[in-house]
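To keep things clear, I will list the structure first and then write my remarks on it.
The shown structure was predicted, so the numbers you read here are calculated from the model rather than taken from an experiment. In what follows, residues are counted from 1 in the order of the sequence shown.
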Amino acid sequence: FMRSFVNSVMLAAALGAWPAQIQAVDWDPVAPELLAVTAPRIDPNADSETISWQVWLEDRLLGGRQPQTMETQYLRVKIFTERGVEEQSTIDLVEAASDVQVSEIRGRKIKPDGTIVELSKADVFERSVARSGGVHVNMRSFSMPNVEVGDIIEYQWVEYRDNTLVRYQRLDCQRDDPAWQIIYRVKPLAEMMNYGYYMRTQDFGCAFDPRTEDRYGMTVFTRMETHDTPAYRDEPSMPPELAVRKWALVFYERDKFTDPERFWQEYGKEVFELLNEEIREDKQVKEAAARITSGASSDAEKVQRLREFCLTQI
């Protein structure tokens with residue numbers, strides 16, 4: 001029912017403006033002892049380890065009307081082997097739909113002696129990629145040149161998803177390399193609470209620290225953090241990925257009812273309001289139904305005929 005939520009929120013929010021603030025994320029300081037690290041901390045055989053993976057996830061309204069999800073990513077990785085250089089120095093980002101945009105790409109390389117080399121615009125590429133079914137999507141790729149063993153590389157980018165809010169989004173708590181620290185900061189749309197909907201999270205194998213709050217400018221995020229996560233590895237004949245990988249689910253949920261009778265009354269009203277316009281009968285529908293069920297000897301036969309028509313003719 002997210003569509004009806006969004007429509008209601010947009011209508012209410014039109015009475016006032018929503019401050020569309022873009023959160024600028026500064027580079028974290030680099031401690032000298034981090035530059036001096038020469039061996040993995042979590043897995044002695046790791047080719048690289050993620051020092052920090054931070055994600056800001058914010059639902060907001062643009063101009064008080066248009067819903068948008070803004071997701072900011074900040075990744076810092078330490079390289080230990082040549083294979084790690086090959087695997088980690090290039091990032092591919094997919095814009096899977098016309099209302100998804102990736103921008104504000106930044107990157108830098110930090111040498112063991114503290115020298116910093118910034119990612120240049122010439123190292124960011126955009127191309128169209130054919131996917132299954134002949135669908136073409138945009139691909140943004142960026143690669144830090146001349147990465148060497150011992151370097152730290154870090155990237156940032158922002159993904160904007162228009163006309164939507166966070167709905168059952170997966171938050172990965174495990175990467176393909178070991179991670180020292182994974183942090184999610186989540187900001188729900190405040191207007192949703194006016195309609196009794198609150199953002200929830202459900203953990204699947206994640207060992208999040210107790211939730212805290214972080215403030216960025218005027219925006220307050222709920223902070224979820226986990227530490228020292230081993231790498232995810234595919235194995236032959238293993239269970240499905242989501243049964244094995246550590247992850248969490250974030251979604252909006254109606255505030256709980258303690259009275260079952262009240263819950264079903266409210267739920268029934270929501271379903272009716274959502275579907276009423278879409279299933280309303282008109283003259284053509286009535287005539288088609290009469291024609292299809294003509295001569296049927298029972299209600300069960302009428303239903304069967306209508307079912308077959310829908311399956312084979314629509």
Look at the side chain of [X] and the backbone N and O of [Y], then say whether any donor-acceptor pair between them is shorter than 3.5 Å.
X      : Y      : result
Asp172 : Gln174 : no
Thr293 : Ala289 : yes
Asp203 : Gly205 : no
Arg233 : Asp176 : yes

Any side-chain donor paired with an acceptor under 3.5 Å for [X] and [Y]?
X      : Y      : value
Gln68  : Arg60  : yes
Ser297 : Glu301 : yes
Glu71  : Gln73  : yes
Ser143 : Asp123 : no
Arg108 : Gln156 : no
Tyr160 : Glu104 : yes

Non-hydrogen side-chain atoms of [X] and [Y] separated by less than 4.5 Å:
X      : Y      : result
Lys121 : Ile105 : no
Gln313 : Glu308 : no
Ile110 : Thr115 : no
Val77  : Ile51  : no

What is the distance from atom [atom1] of [X] to atom [atom2] of [Y], rounded to the nearest 0.5 Å?
X      : Y      : atom1 : atom2 : result
Asp162 : Leu62  : CG    : CG    : 6.5 Å
Ser89  : Asn146 : OG    : CG    : 10.0 Å
Arg76  : Leu34  : CZ    : CG    : 6.5 Å
Thr201 : Leu171 : OG1   : CG    : 8.0 Å
Asp113 : Ile116 : CG    : CD1   : 10.0 Å
Leu189 : Leu165 : CG    : CG    : 5.5 Å

Does the cation-pi check pass for Arg175 over Trp53, that is, NZ or CZ under 6.0 Å from the six-membered ring centre and within 45° of its axis?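 Yes, a cation-pi geometry holds between Arg175 and Trp53.
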When clusters are formed by joining ILVMFWY residues with side-chain heavy atoms under 4.5 Å apart, either directly or through shared neighbours, do [X] and [Y] land in the same one?
X      : Y      : answer
Ile79  : Phe142 : yes
Ile153 : Phe80  : no
Val271 : Phe263 : yes
Leu75  : Tyr232 : no
Tyr198 : Val186 : no

Quick one: sort the [X] and [Y] rings into parallel, tilted or perpendicular, breaks at 30° and 60°.
X      : Y      : result
Tyr267 : Trp264 : perpendicular
Trp56  : Tyr74  : parallel
Trp247 : Phe204 : parallel

Shortest non-hydrogen contact between [X] and [Y], atoms and distance:
X      : Y      : answer
Thr226 : Ala207 : OG1-O, 3.4 Å
Ala179 : Ile42  : O-CD1, 3.4 Å
Pro112 : Asp151 : CD-OD1, 3.5 Å
Lys187 : Val220 : CD-O, 3.0 Å
Pro40  : Ala46  : CG-O, 3.5 Å

Report the C-alpha distance between Val158 and Val102 in whole Å, list the side-chain angles of each, state the deciding distance to 0.1 Å, and finish with yes or no for side chain to side chain contact (heavy atoms under 4.5 Å, CB included). CA-CA 6 Å; Val158 182; Val102 175; over 6 Å; no
Please say which of Thr72, Asp214, Thr212, Thr222 ends up in a side chain to side chain donor-acceptor pair (under 3.5 Å) with Arg185.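 Single side chain to side chain donor-acceptor pair (under 3.5 Å) partner of Arg185 among Thr72, Asp214, Thr212, Thr222: Asp214.
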Do you know which of Gln181, Gln54, Arg211 makes side chain to side chain donor-acceptor pair (under 3.5 Å) with Glu225?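 Exactly one candidate clears the test, Gln181.
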Side chain to side chain contact (heavy atoms under 4.5 Å, CB included), that's the test. Do Leu119 and Arg106 meet it? Break it down for me. CA-CA 6 Å; Leu119 181 73; Arg106 302 168 61 200; over 6 Å; no
Trace of the side chain to side chain contact (heavy atoms under 4.5 Å, CB included) decision for Ile91 with Arg140: CA-CA 8 Å; Ile91 303 291; Arg140 293 283 185 93; over 6 Å; no
Tell me, which pairs form a disulfide (SG to SG under 2.5 Å) where one or both residues lie in residues 145-210, sequence neighbours left out?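 Non-adjacent pairs meeting disulfide (SG to SG under 2.5 Å): Cys173-Cys206.
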Salt bridge between Arg41 and Asp228, side-chain N to carboxylate O under 4.0 Å?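 A salt bridge links Arg41 with Asp228.
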Tyr252/Tyr197 aromatic ring centres below 6.0 Å: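 Judged by ring-centre distance (under 6.0 Å), Tyr252 and Tyr197 do not meet the cut-off.
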Passes salt bridge (Lys or Arg N to Asp or Glu O under 4.0 Å), Lys78 versus Glu49? Steps please. CA-CA 6 Å; Lys78 181 78 174 187; Glu49 287 190 342; over 6 Å; no
Pair Glu148, Lys109 - check salt bridge (Lys or Arg N to Asp or Glu O under 4.0 Å), show working. CA-CA 10 Å; Glu148 298 177 319; Lys109 172 179 61 180; over 6 Å; no
Determine, stepwise, if the pair Leu57 / Val166 fulfils side chain to side chain contact (heavy atoms under 4.5 Å, CB included). CA-CA 9 Å; Leu57 192 61; Val166 170; 3.9 Å; yes
Take Arg161 and Glu159 through the salt bridge (Lys or Arg N to Asp or Glu O under 4.0 Å) test and state the conclusion after the steps. CA-CA 7 Å; Arg161 300 191 291 271; Glu159 178 178 291; 2.7 Å; yes
Neighbour count >12 (heavy atoms, 6.0 Å) for atom CD, Glu241: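 Yes.
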Heavy-atom count check: over 12 atoms from other residues, nucleotides or ligands less than 6.0 Å from Arg83 CZ?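 Count not over threshold, so no.
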